There are 2 protein chains.
Amino acid sequence: MKGKVTSFDIAHVAGVSQSTVSRALRGSPLVNEETRRRIQAAVDELNYKVDKNASGLRAKHTGTLALLLFEDPTADESHINPFFLSMLGSITRASAKRGYDLLISFQQFSLDWHADYADSKKADGIILLGYGDYLAIRDKLSKLVAQGTRCVRWGAVLPDQPDVSVGCDNLSGGYEVTTHLIGQGCRRIAFLGDASSHFPEFFDRYRGYVNALREAGLEPEPLLQVNGVSTERSGYEAVETLLARGVNFDAVFAASDLIAIGALRALGDHGLRVPDDVALAGFDDIPMASFINPPLTTVLQDTKLAGEILVDNLLRLIHGEPAESTRLPARLIVRRSSQRPR
Amino acid sequence: MKGKVTSFDIAHVAGVSQSTVSRALRGSPLVNEETRRRIQAAVDELNYKVDKNASGLRAKHTGTLALLLFEDPTADESHINPFFLSMLGSITRASAKRGYDLLISFQQFSLDWHADYADSKKADGIILLGYGDYLAIRDKLSKLVAQGTRCVRWGAVLPDQPDVSVGCDNLSGGYEVTTHLIGQGCRRIAFLGDASSHFPEFFDRYRGYVNALREAGLEPEPLLQVNGVSTERSGYEAVETLLARGVNFDAVFAASDLIAIGALRALGDHGLRVPDDVALAGFDDIPMASFINPPLTTVLQDTKLAGEILVDNLLRLIHGEPAESTRLPARLIVRRSSQRPR
DNA sequence: CTGAAAGCGCTTACAG
DNA sequence: CTGAAAGCGCTTACAG
C-alpha cells in the first residue's frame with residue numbers, strides 16, 4: 001500500500017507546518033482553535049497515529065510501563081500464582097486508565113532482571129511483582145534506584161528499604177487470623193511458610209501470629225513452624241513434615257492460600273478432616289479460596305486498590321514527584337475451614 | 001548522571017566505527033570475530049543497551065507483540081476469566097522465549113480496539129484473545145487483515161474467516177462430554193450457553209452436543225438450551241431459567257467452567273445435588289475445576305501449546321510467511337461431578 | 001570486513 | 001500563534 005502516513009502528510013492536508021501538527025497533537029496551548037480543528041480533521045481523514053518510536057526517541061519517554069513478574073524458581077512452571085494474576089489484571093487496568101501501555105515480562109528470579117527494561121528505554125518505569133527472596137534482590141533494588149530507574153514494588157513495606165513499595169498489612173493480617181483461630185478454641189496452631197527476613201511478607205504474617213499467640217498466653221513452638229514457598233506442593237509437603245515430626249496441632253495457618261490448598265489435600269490424604277480435626281486458614285483470598293471444600297478462611301488483600309496505588313506511585317516517580325510506600329489494610333474473611341464444632 | 005551511553009560510545013571504546021558496533025550487535029556475519037569480541041567487551045563494560053525506540057524507528061519493527069484481551073462487557077469487571085489468564089501466561093512465556101516483548105491491553109469489546117496497536121507502531125503484530133460476539137468483530141477483522149496488520153486470534157476456526165486463528169476442537173469436545181453424560185445414564189441433558197454463530201466456540205460445543213444426542217437416538221429440545229455468556233452469574237441465572245421453565249433434566253453441560261460453577265451454586269441453592277440428582281460438566285479445565293466440590297468434569301484445552309502456536313503463527317505472518325489456522329485437540333477430563341450413582 | 005552518510009518520524013528550542 | 005531546523009540513536013545501503 002501507499003507509504004505510512006506521517007505528520008508531514010497531515011501538515012500538507014491541513015495547510016500548516018509539521019511542527020504545528022505535532023504541537024496540536026500533543027495538546028499544546030499554543031495552537032489556534034481553528035487550526036487545531038483543521039488538523040484533527042486531517043488526522044481523522046487519514047487515520048493517522050503518532051509513531052511511538054519516533055516520539056519516544058525524541059522525547060525520551062515511552063508512554064509504557066513494564067511489569068516484571070518474577071517467580072520463585074521452585075514454583076510449578078505452568079501455573080502462575082492466581083494472586084499475582086489478579087494483581088496483573090488490576091495493574092493493567094490502572095495503567096490503561098492513565099494512558100500508559102503495559103509491557104509484561106516473566107522473570108526467573110535468578111536472572112539479571114534489573115538491567116532489562118528501563119535501561120533499554122522500553123519503559124518509563126517498572127513495577128516489580130512476585131514472591132521471592134527479598135534479601136537476594138535488595139542490592140539490585142538499591143542499584144536500580146541509585147541509577148535513577150523509576151520503580152515500585154509490590155511487597156512488604158520495610159523500615160529501611162531502598163525503594164517505594166506497596167503491600168498489605170501482613171502483620172495485622174497474621175494477627176487477626178491467629179486470634180480468630182484461638183477464638184475457635186485452637187491452642188496448637190501450626191504456621192506453614194518461611195519465617196525469616198528473606199521473605200518479609202511471610203515473616204510479618206508469622207510475627208502477627210506470634211503476637212496473637214502471646215497475647216493469648218501461648219508460646220510459639222518452633223516445631224509448629226515449617227518453611228515453605230507459595231505453592232500447593234510446598235503446602236502438601238509442609239503438612240507431611242509436620243506429621244513426621246509427630247507434633248500435635250489443632251489448626252494450620254498457611255502463609256498463603258496456595259499453601260493452604262496443598263495443606264488441605266495432605267490433611268485429607270492423612271485422614272484428618274477440616275475443620276473438625278484441624279482448623280485451616282490461608283492468606284490472599286484467591287478466587288479458588290471460596291470454591292474449595294470446605295471454603296477457606298483467609299485474608300483479603302485489595303488487589304484493585306493495590307494496582308492503582310502502584311501505578312500512581314510509579315507515575316509520581318516518573319514525573320519527579322515524591323512517592324510514599326503504602327501499607328494497605330488486610331481483611332479477615334471467615335469461611336468454613338476454620339469453624340470448629342463447639 | 002553522565003549522558004546515556006550510545007553506540008558511538010561503544011565504538012569509541014572498541015576503536016571501531018558506530019556502523020560496525022551496530023552490525024556486531026545485530027549479529028551480522030560481516031563482522032570479524034576479534035572485532036566482535038572487542039565490541040562485546042565495551043558493551044559489557046559500559047552496560048550498554050540498544051535503544052529500542054531508535055532501532056524500531058529506523059528498522060520499522062518493534063520487537064514487541066501486542067495482546068488484546070477483550071472481555072464481554074456483561075462480564076464481572078473485577079475478575080478476568082481464569083482460562084484467559086492461563087492463556088496470557090502461556091503467550092507471555094512463548095513470546096519471551098522467541099525474544100519478543102509483550103504489550104498487554106484489556107479492551108472493552110465495544111471500543112475501537114482495531115486501530116490501537118499495530119497502527120501506532122507499538123507492536124509488530126497483535127494477538128486477539130477473548131470471548132465475544134464474533135459476528136460483531138468480523139468486519140473489523142477483515143479490515144485489519146486487508147490493511148496488512150499482522151494478527152492472530154484465539155477462537156473458533158471457521159471455514160470462511162478472514163484471519164488466522166488457533167482454537168480447540170470444540171465440536172469434538174462437546175461431543176465427548178455429551179457422550180460421556182449419556183454413558184452415565186443421562187437422557188435429559190441441558191446445554192447452558194449461547195448457541196448461535198455469534199459465539200462460534202459455544203456453538204460448536206453445542207453442535208457436538210447435538211451430534212452426540214442424535215447418535216444416541218435422542219432429540220435436542222429447545223427448552224433444554226439456555227443462552228448465556230461465560231460468567232458464574234450467567235450460569236446461575238441459566239439454571240434458574242431452566243427451573244422456571246419447569247422442564248425436567250438429569251444433566252447439565254455448561255459451555256464453560258465458569259458457567260458450570262455458577263450452575264453448581266444455583267443447583268445447590270435449589271436443593272439439587274450434583275452428581276446424584278443432576279450430573280454436571282463444563283469446558284476449559286480452569287484451575288478451579290478440580291477444586292470445587294464435587295470436582296468438575298470438563299474439557300481440557302492445552303493452553304501452553306495454544307500460546308506457542310499463536311505466537312509462532314504471528315511471527316510467521318510478521319516475517320511474510322504463510323500461517324495456517326490450527327485446531328487443537330480437546331481432551332475430556334472426567335471428575336466426580338458427572339459420575340451418576342449406578 | 002569496515003566506515004561515512006543518509007534518514008526513520010517525531011519534539012522542541014529558536015526566531016519570528 | 002506559527003515555521004524552519006536540529007537532533008534523538010539507531011540501521012542499512014553504498015563505497016571501498
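Naming convention: chains lettered A, B, ... in sequence-line order (proteins, then strands); numbering from 1 in each chain. Fair warning: this is a prediction, and the values are worked out from it, not measured in the lab.
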S.K.: Just to verify, what does B:His61 make a side-chain contact (heavy atoms from CB on, under 4.5 Å) with, not counting sequence neighbours?
M.R.: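 Per chain and number, B:His61 pairs via side-chain contact (heavy atoms from CB on, under 4.5 Å) with B:Arg26, B:Ala59, B:Asp124.
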S.K.: Let's go through A:Arg150 and A:Asp163 carefully: what are the C-alpha distance in whole Å and the side-chain angles of both, what is the deciding distance for side chain to side chain contact (heavy atoms under 4.5 Å, CB included) to 0.1 Å, and is it a yes or a no?
M.R.: CA-CA 9 Å; A:Arg150 288 79 169 78; A:Asp163 58 340; over 6 Å; no
S.K.: Rounding to the closest angstrom, what is the interatomic distance between C:dT12 and C:dG16 at atom C1'?
M.R.: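 Nearest-Å result for C:dT12 against C:dG16 at atom C1': 16 Å.
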S.K.: Report yes if the side chains of A:Ile104 and A:Leu88 come closer than 4.5 Å at any heavy-atom pair, otherwise no.
M.R.: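 Yes, side chains in contact.
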S.K.: Going by the rule side-chain hydrogen bond (donor to acceptor under 3.5 Å, both in side chains), which residues pair with A:Thr92 if we only count those two or more places apart in sequence or in a different chain?
M.R.: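 By the side-chain hydrogen bond (donor to acceptor under 3.5 Å, both in side chains) rule, A:Thr92 matches no residue at all.
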S.K.: Mind running a 4.0 Å heavy-atom check of residues 19-26 of chain A against DNA chain C and sending the residues that fall below it, in number order?
M.R.: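 Nucleic-acid contacts, sorted: A:Ser19, A:Ser22, A:Arg23, A:Arg26.
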S.K.: Only counting residues at least two apart or in another chain, list the ones meeting side-chain hydrogen bond (donor to acceptor under 3.5 Å, both in side chains) with B:Gln161.
M.R.: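 For B:Gln161, the residues satisfying side-chain hydrogen bond (donor to acceptor under 3.5 Å, both in side chains) (neighbours in sequence not counted) are B:Arg153, B:Ser165, B:Ser325.
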S.K.: Could you work out, with side-chain hydrogen bond (donor to acceptor under 3.5 Å, both in side chains) as the rule, every residue matching A:Gln18, not counting sequence neighbours?
M.R.: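 A:Gln18 satisfies side-chain hydrogen bond (donor to acceptor under 3.5 Å, both in side chains) with A:Ser7 once adjacent residues are dropped.
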S.K.: Check each residue of residues 36-44 of chain B for a non-hydrogen atom within less than 4.0 Å of any atom in DNA chain D, then write out the ones that pass by number, or none.
M.R.: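 Residues of residues 36-44 of chain B under 4.0 Å from DNA chain D: none.
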S.K.: Please assess B:Leu315 against B:Tyr100 for the test side chain to side chain contact (heavy atoms under 4.5 Å, CB included), listing each intermediate value before the final yes or no.
M.R.: CA-CA 10 Å; B:Leu315 292 185; B:Tyr100 277 78; 3.4 Å; yes
S.K.: Between A:Ser17 and A:Thr20, is there a side-chain donor-acceptor contact under 3.5 Å, judged purely by atom types and distance?
M.R.: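 Present: a donor and an acceptor within the cut-off.
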S.K.: With a strict under 4.0 Å distance from non-hydrogen atoms of chain B, what nucleotide opens and what nucleotide closes the contacted stretch of DNA chain C, reading 5' to 3'?
M.R.: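 Both ends considered, the range comes out as C:dC1 to C:dG9.
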S.K.: How would you list, by chain and number, every residue that makes a side-chain contact (heavy atoms from CB on, under 4.5 Å) with A:Arg316, sequence neighbours excluded?
M.R.: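 Scan of A:Arg316 (side-chain contact (heavy atoms from CB on, under 4.5 Å), adjacent residues dropped) gives A:Asp312, A:Asn313, A:Glu321, A:Ala323.
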S.K.: With the side chain counted from C-beta on, respond yes when A:Phe84 and A:Leu69 share a heavy-atom pair under 4.5 Å apart, and no when they do not.
M.R.: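 Heavy-atom side-chain distance check passes, below 4.5 Å.
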S.K.: How is the base pairing of DNA chain C summarised as a dot-bracket string, given the Watson-Crick and G-U wobble criteria with both distances under 3.5 Å, [ ] for crossing and | for another strand?
M.R.: |||.||||||||.|||
S.K.: Under the side-chain contact (heavy atoms from CB on, under 4.5 Å) test, which residues partner B:His198, sequence neighbours left out?
M.R.: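 side-chain contact (heavy atoms from CB on, under 4.5 Å) list for B:His198, sorted by chain: B:Asp133, B:Leu135, B:Ser196.
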S.K.: Can you work out whether B:Gln18 or A:Ala54 has the more 5'-proximal nearest nucleotide on DNA chain C?
M.R.: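 Its nearest nucleotide being more 5', the pick is B:Gln18.
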S.K.: I'd like to check the side-chain hydrogen bond (donor to acceptor under 3.5 Å, both in side chains) partners of A:Asp44; sequence neighbours left out, ordered by chain and number.
M.R.: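 Listed in chain order: A:Gln40.
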S.K.: Going by the rule side-chain contact (heavy atoms from CB on, under 4.5 Å), which residues pair with B:Leu305 if we only count those two or more places apart in sequence or in a different chain?
M.R.: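 Here the qualifying residues are B:Asp302, B:Ile309, B:Leu328.
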